[in-house]
Undergrad: 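Can you read through this structure? Questions will come right after.
Only heavy atoms go into these numbers, but all of them, side chains included; no hydrogens, no water, no symmetry mates. Counting convention: from 1, in listed order, for ligands and their atoms alike.
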Amino acid sequence: MTPITVETTPIDGQKPGTSGLRKKTRVFMQPGYLENFVQAIFNGIGGAEGKSFVIGGDGRYFNATAIQTMLKMAAANGAAKVIVGQNGLLSTPAASNLIRQKKTDGGLILSASHNPGGIDEDFGVKYNTSNGGPAPEGITDAIFAETTSLNKYVTVEAPDVDLASIGTTEVAGMAVEVIDPVTDYQALMTTLFDFDKLRALFASGFTMRFDAMHAVTGPYAKAVLEEALGAPAGTVVNAVPLEDFGGGHPDPNPVWAKELMDLMMSDTSPDFGAASDGDGDRNMIVGRGQYVTPSDSLAVLAANAYLAPGYAAGLAGVARSMPTSAASDRVAEKLGIGSFETPTGWKFFGNLLDAGMATICGEESAGTGSNHVREKDGLWAVLLWLNILAERRQSVAEILTDHWGSYGRDYYSRHDYEAIPTDQANALVGSVRERLSVLPGQSFAGLAVTAADEFAYNDPVDGSVSKGQGLRIWFEGGARAVLRLSGTGTEGATLRVYLEQYADQAADHGLDAQVALAGVRAALVELCDMQAHIGRIDPDVMT
Ligand code: VG1
Ligand code: CO
């Protein structure tokens with residue numbers, strides 16, 4: 001079948017951010033908008049001729065329609081084969097796994113992750129390369145350059161593919177294989193964790209609630225936790241993916257997963273609680289009466305990973321994003337293994353994982369993962385926690401208390417200021433950037449700055465340099481504040497303020513985090529003259 005060429009105009013605003021291109025759904029639905037970006041991806045990777053791809057998304061509004069568009073365009077661009085999740089569903093880690101297992105050239109993941117879904121909410125598209133990971137900056141730069149110059153895309157006229165039926169079909173000569181989205185992912189999990197021990201844990205009466213937040217992890221969590229591991233029916237709640245995620249933000253943190261948090265802090269709490277996000281790559285971990293910050297979770301997982309079969313031989317190294325707390329660094333130091341600090345965004349872990357330099361990676365935003373795929377993986381983190389709990393037979397609270405006793409505690413919180421006018425956000429960050437070199441020695445709200453810089457990353461594997469990755473300010477007494485603008489928001493700018501306060505092994509570990517961080521917060525607010533710049537000092541979300 002001959003491809004149809006459609007004339008189009010370049011779109012300057014299609015710049016992939018932290019995690020692909022993320023825009024309002026209605027923006028994506030404009031005629032030619034999605035098509036331009038998809039064509040830019042195919043052009044940016046040197047063409048699709050003869051290649052194979054994985055395509056799937058988190059099931060949000062426009063997911064299935066966008067997949068049909070992509071299938072036709074892949075066929076017109078000469079692709080040989082596309083593997084699609086049934087009903088268009090694939091969690092981000094499952095898509096990463098499929099790219100690797102099926103050895104495809106790459107994959108297109110449709111998701112705006114933790115952002116709400118619906119015609120008036122958010123949509124997103126991300127390209128992953130053949131290692132299963134998000135495209136590195138060299139490729140996203142090439143894709144962006146294409147979006148600003150391309151003046152045509154190609155497609156074919158063909159009937160829509162029946163995404164509900166498992167099996168192989170074709171679009172204009174290109175093979176399309178619709179597969180069960182869970183099977184291969186679940187098989188991978190059985191190679192990493194002791195499923196017999198986990199079954200025994202549930203059989204012994206261990207109780208859990210997993211909140212899938214009406215998003216893509218529901219089918220995965222049901223299959224693994226309830227069907228394979230024997231957790232009672234009802235352990236997984238909000239398990240059916242909905243196009244609008246039930247109207248909520250599928251963001252697994254104490255604010256958006258409040259119902260789960262309330263249960264875990266109540267008298268009727270189960271032993272263990274967890275939640276995942278829109279596309280299944282994030283996790284929230286909470287024990288009875290005990291929330292675990294993502295930074296602490298990374299540290300605890302790194303320290304105890306050897307208890308799970310997949311990591312029994314030990315870890316090569318631990319990597320964390322720069323704003324993530326230093327808790328995992330101290331674990332790496334004690335284990336005598338590599339410790340890496342990367343910019344925000346999973347794509348920066350790819351090279352370290354491929355090179356065998358890091359085994360476990362994590363971000364403060366509730367992303368944890370390992371070298372089993374090249375994305376963060378929500379359910380994986382839950383299973384690793386369960387495997388550790390099954391071996392240690394202690395509560396989450398006991399494990400944390402024990403951890404802080406050995407390593408000290410990093411009190412940690414992220415404060416988000418959402419939908420700020422972009423010029424105001426830029427002015428605030430710009431004014432701190434200009435003063436970085438003169439900050440050391442100055443005091444703010446009674447706290448002296450000891451060092452300050454703008455984070456730049458030198459990739460130890462390919463030598464690439466990523467500049468402008470966030471402003472870091474260290475204060476006396478083991479405190480740090482980081483300022484960064486979000487790369488995933490779709491409205492104005494989101495300013496993220498990351499606060500951290502170290503308390504050594506002997507210190508009081510029982511403080512409320514916001515109380516422990518009050519000093520560094522006051523210093524930061526004064527230092528950046530927040531009230532004057534954005535007209536407020538209270539954040540929208542504190543996690
Ligand atoms: C946020 C998080 C970052 C994460 C990214 C994608 O980015 O802070 O840690 O990698 O989302 O996560 P930003 O630029 O808004 O701070 V996901 O679950 O959307 O793939
Ligand atoms: Co996500």
Side-chain angles (χ1 to χ4, degrees), residues 15-23 56-60 90-96 109-117 122-128 133-135 140 212-213 215-217 220 241 245 249-253 256 275-284 293-295 298 319-325 341-350 361-369 373-381 412-420 425 429 455 466 468-470 482-498 540-541 543:
K15 189 170 174 56
T18 316
S19 207
L21 183 68
R22 226 166 260 190
K23 297 283 177 190
D58 62 14
R60 67 181 59 223
L90 278 179
S91 77
T92 292
S96 179
I109 299 176
L110 300 84
S111 173
S113 190
H114 55 288
N115 296 16
D122 295 348
F123 194 76
V125 173
K126 179 168 76 159
Y127 182 72
N128 282 28
T140 54
M213 303 188 85
V216 80
T217 332
Y220 295 85
F245 308 122
H249 288 228
D251 196 350
N253 63 42
W256 293 110
S276 192
D277 72 333
D279 60 330
D281 57 0
R282 298 188 183 194
N283 70 91
M284 179 175 95
T293 69
S295 294
L298 173 65
R320 65 166 172 89
S321 69
M322 180 276 281
T324 305
S325 91
E341 185 177 27
T342 60
T344 294
W346 208 261
K347 61 187 170 199
F348 293 102
F349 294 130
C361 308
E363 295 193 279
E364 52 65 41
S365 53
T368 347
V373 287
R374 292 295 180 274
E375 287 278 5
K376 51 193 187 269
D377 186 345
L379 191 51
W380 168 89
Y412 190 89
S413 182
R414 186 176 94 186
H415 293 189
D416 293 331
Y417 299 80
E418 295 172 347
I420 306 173
V429 172
F455 182 57
S466 303
Q469 299 293 334
V482 171
L483 280 176
R484 212 191 127 251
L485 296 177
S486 159
T488 60
T490 56
E491 254 178 273
T494 295
L495 173 70
R496 302 206 195 283
V497 175
Y498 308 82
D540 298 287
V541 181
T543 54

Undergrad: Do the side-chain N and O atoms of T368 and N283 include a donor-acceptor pair separated by under 3.5 angstrom?
TA: yes

Undergrad: May I ask you to list the atoms of ligand 1 that are less than 4.0 angstrom from any heavy atom of S113?
TA: 17 (V), 18 (O), 19 (O), 20 (O)

Undergrad: What atoms in ligand 1 come closer than 4.0 Å to a heavy atom of S19?
TA: 6 (C), 20 (O)

Undergrad: Looking only at N, O or S atoms in D281, which is nearest to the Co ion (ligand 2)?
TA: OD1

Undergrad: Which ligand 1 atoms are under 4.0 Å away from a heavy-atom of H114?
TA: 11 (O), 19 (O)

Undergrad: Under 4.0 Å from a heavy atom of D277: give me the atoms of ligand 1 that qualify, with their elements.
TA: 18 (O)

Undergrad: So F455 and T342, do their side chains get closer than 4.5 Å, heavy atoms only?
TA: no

Undergrad: Using a 3.5 Å distance criterion without hydrogens, assess whether the side chain of S96 forms a donor-acceptor pair with backbone atoms of R374.
TA: yes

Undergrad: One residue to check: T488. Relative to ligand 1, which of side chain, backbone, both or neither has a non-hydrogen atom less than 4.0 Å away?
TA: both

Undergrad: Between D122 and T490, does any side-chain donor sit less than 3.5 Å from a side-chain acceptor?
TA: yes

Undergrad: Any side-chain donor paired with an acceptor under 3.5 Å for S113 and D279?
TA: yes

Undergrad: Does K126 come within less than 4.0 Å of ligand 1, judged by its heavy atoms?
TA: no

Undergrad: For the side chain of S91 and the backbone of G280, is there at least one donor-acceptor N/O pair under 3.5 Å apart?
TA: no

Undergrad: Looking only at N, O or S atoms, which one in D277 sits nearest to the Co ion (ligand 2)?
TA: OD2

Undergrad: Under 4.0 Å, heavy-atom basis, I'd like to know which part of R22 is in contact with ligand 1: side chain, backbone, both or neither.
TA: side chain

Undergrad: Which of the atoms of ligand 1 are close to G345, meaning less than 4.0 Å from one of its heavy atoms?
TA: 10 (O)

Undergrad: Determine, considering heavy atoms only, which of K376, E364, E363, R282 sits nearest to atom 11 (O) of ligand 1.
TA: R282

Undergrad: Quick one, S321 and F348 - any side-chain contact, counting heavy atoms below 4.5 Å?
TA: no

Undergrad: Is S113 close enough that one of its N/O/S atoms sits under 2.8 Å from the Co ion (ligand 2)?
TA: yes

Undergrad: Could you tell me whether the side chains of S276 and T217 share a donor-acceptor contact shorter than 3.5 Å?
TA: yes

Undergrad: Going by distance alone, is a donor N or O of one side chain under 3.5 Å from an acceptor N or O of the other, for H415 and R496?
TA: no

Undergrad: Which of the numbered atoms in ligand 1 are below 4.0 angstrom from a heavy atom of R496?
TA: 8 (O), 13 (P), 15 (O), 16 (O)

Undergrad: With the Co ion (ligand 2) as the point of reference, which N/O/S atom of D279 is the closest?
TA: OD1

Undergrad: Out of all atoms in ligand 1, which are within 4.0 Å of some heavy atom of R484? Include the element for each.
TA: 13 (P), 14 (O), 16 (O)

Undergrad: Taking only heavy atoms of R414, which atoms of ligand 1 are found under 4.0 Å from at least one of them?
TA: 8 (O)

Undergrad: Does a side chain donor of either T543 or N253 reach within less than 3.5 Å of an acceptor in the other side chain?
TA: no

